[in-house]
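Down below is the structure, laid out as structure tokens.
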Amino acid sequence: MNISTGTILLSKPSLNDANFDNAFVFITEHNQKGSIGFIINKKADKFLNQLVEFKDCIAFPLYYGGPVDNEHLFFIHSRPDLIEGGTAIANNIYYGGNFKQAVALLNNNTITTKDIKIFIGYCGWDFNQIEEEIEEGGWLVKEVAVENVLAY
């Protein structure tokens, strides 16, 4: 199976991992070091303003990005014209960038949930691990328009 940046994976019941029940994972990095992605369809039980360092922000929904590094926030967006420093993934979806800028744009309602998705944690795999999990029947490569990633 040929996985690349921008691929969307749908977990299958045979994966047998509660972290990934009915998960849609958007792959943002895939190389010789491994793969990184985010679960795009699972809202976290927190909002941005519930985190101490963002207590003065709007109540913006956070998503559970995956079981790795739940101490940090990560984000994808479709506004490279407003948020500097992001990495192009596919079809006008960018990973990361200037988070302070993004938060300011959220607070003044310049960008909304249609433009950005913020995650607590991420999914990570070692080199070839995700391909092995696909071959074993744990994941289905999903035919979804990448531009709809922020709509989940």
Side-chain angles (χ1 to χ4, degrees), residues 1-55 57-80 83 85-99 102-103 106 111-152:
M1 178 53 58
N2 201 8
I3 300 299
S4 62
T5 315
T7 298
I8 297 176
L9 303 174
L10 173 60
S11 67
K12 294 172 74 178
S14 59
L15 189 59
N16 201 24
D17 184 334
N19 287 304
F20 298 109
D21 284 347
N22 298 308
F24 283 69
V25 176
F26 179 59
I27 301 298
T28 56
E29 188 176 320
H30 184 76
N31 55 40
Q32 293 77 18
K33 294 179 183 176
S35 302
I36 292 175
F38 298 95
I39 300 172
I40 58 174
N41 65 321
K42 293 191 179 214
K43 280 191 178 175
D45 59 356
K46 291 184 176 159
F47 287 84
L48 187 60
N49 65 327
Q50 291 176 307
L51 303 177
V52 173
E53 61 268 40
F54 299 102
K55 66 182 181 339
C57 294
I58 65 167
F60 193 80
L62 299 176
Y63 284 77
Y64 171 70
V68 181
D69 194 3
N70 292 137
E71 298 299 314
H72 291 96
L73 298 177
F74 306 88
F75 70 105
I76 58 174
H77 64 92
S78 62
R79 297 306 303 263
I83 302 170
T87 302
I89 302 301
N91 292 15
N92 199 38
I93 300 292
Y94 291 75
Y95 167 57
N98 186 325
F99 193 64
V103 170
L106 283 172
I111 61 174
T112 67
T113 55
K114 293 178 182 175
D115 304 305
I116 187 170
K117 194 168 274 205
I118 303 173
F119 304 98
I120 298 172
Y122 68 91
C123 304
W125 296 269
D126 290 332
F127 178 69
N128 254 0
Q129 183 182 358
I130 194 66
E131 287 86 354
E132 291 170 7
E133 289 182 13
I134 291 168
E135 282 182 31
E136 292 167 1
W139 297 97
L140 178 68
V141 178
K142 188 74 175 148
E143 295 297 324
V144 173
V146 173
E147 57 270 15
N148 293 333
V149 166
L150 295 171
Y152 281 93

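The first residue of the sequence shown is numbered 1, and numbering continues consecutively from there. These numbers were taken from a predicted model, which means no experiment stands behind them.
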Smallest separation among heavy atoms of [X] and [Y], with atom names:
{"X": "Pro67", "Y": "Phe20", "value": "CD-CZ, 4.0 Å"}
{"X": "Lys42", "Y": "Ala18", "value": "NZ-O, 4.4 Å"}
{"X": "Gly137", "Y": "Ser14", "value": "O-OG, 2.5 Å"}
{"X": "Leu48", "Y": "Phe54", "value": "O-CB, 3.3 Å"}
{"X": "Lys117", "Y": "Ile40", "value": "NZ-O, 2.8 Å"}
{"X": "Gly65", "Y": "Cys123", "value": "O-SG, 3.2 Å"}

If you draw a 6.0 Å radius around CG in Asp69, do more than 12 non-hydrogen atoms from other residues or ligands fall strictly inside? yes

Distance in Å, [X] [atom1] paired with [Y] [atom2], rounded so as to fall on 0.5 Å steps:
{"X": "Tyr122", "Y": "Glu29", "atom1": "OH", "atom2": "CD", "result": "9.5 Å"}
{"X": "Phe60", "Y": "Gln50", "atom1": "CZ", "atom2": "CD", "result": "13.5 Å"}
{"X": "Asp21", "Y": "Lys12", "atom1": "CG", "atom2": "NZ", "result": "15.0 Å"}
{"X": "Phe26", "Y": "Leu150", "atom1": "CZ", "atom2": "CG", "result": "8.0 Å"}
{"X": "Ser78", "Y": "Lys114", "atom1": "OG", "atom2": "NZ", "result": "11.0 Å"}
{"X": "Ile130", "Y": "Ile36", "atom1": "CD1", "atom2": "CD1", "result": "12.5 Å"}

In this structure, which one of Ile93, Thr87, Ile89 forms a side-chain contact (heavy atoms from CB on, under 4.5 Å) with Thr28? Ile89

Compare all side-chain heavy atoms of [X] with those of [Y] and state whether any distance is below 4.5 angstrom.
{"X": "Asn92", "Y": "Pro80", "answer": "yes"}
{"X": "Tyr64", "Y": "Asn70", "answer": "yes"}
{"X": "Tyr63", "Y": "Ile39", "answer": "no"}
{"X": "Cys57", "Y": "Leu106", "answer": "no"}
{"X": "Leu73", "Y": "Ile120", "answer": "yes"}
{"X": "Ile83", "Y": "Tyr94", "answer": "no"}
{"X": "Ile116", "Y": "Arg79", "answer": "no"}
{"X": "Glu133", "Y": "Leu9", "answer": "no"}

Okay, side chain of Thr7, backbone of Ile27: is any donor-acceptor separation there less than 3.5 Å? no

So, does Asn41 use its side chain to make a donor-acceptor pair with the main chain of Asn22 at under 3.5 Å? yes

Result of checking Phe74, Phe38, Tyr95, Phe75 against Phe119 for ring-ring contact (aromatic ring centres under 6.0 Å, His included):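 Exactly one candidate clears the test, Phe38.
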
Answer yes if the side chains of His30 and Thr5 hold a donor-acceptor pair under 3.5 Å, and no otherwise.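 Note: His30 and Thr5 side chains miss the donor-acceptor criterion.
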
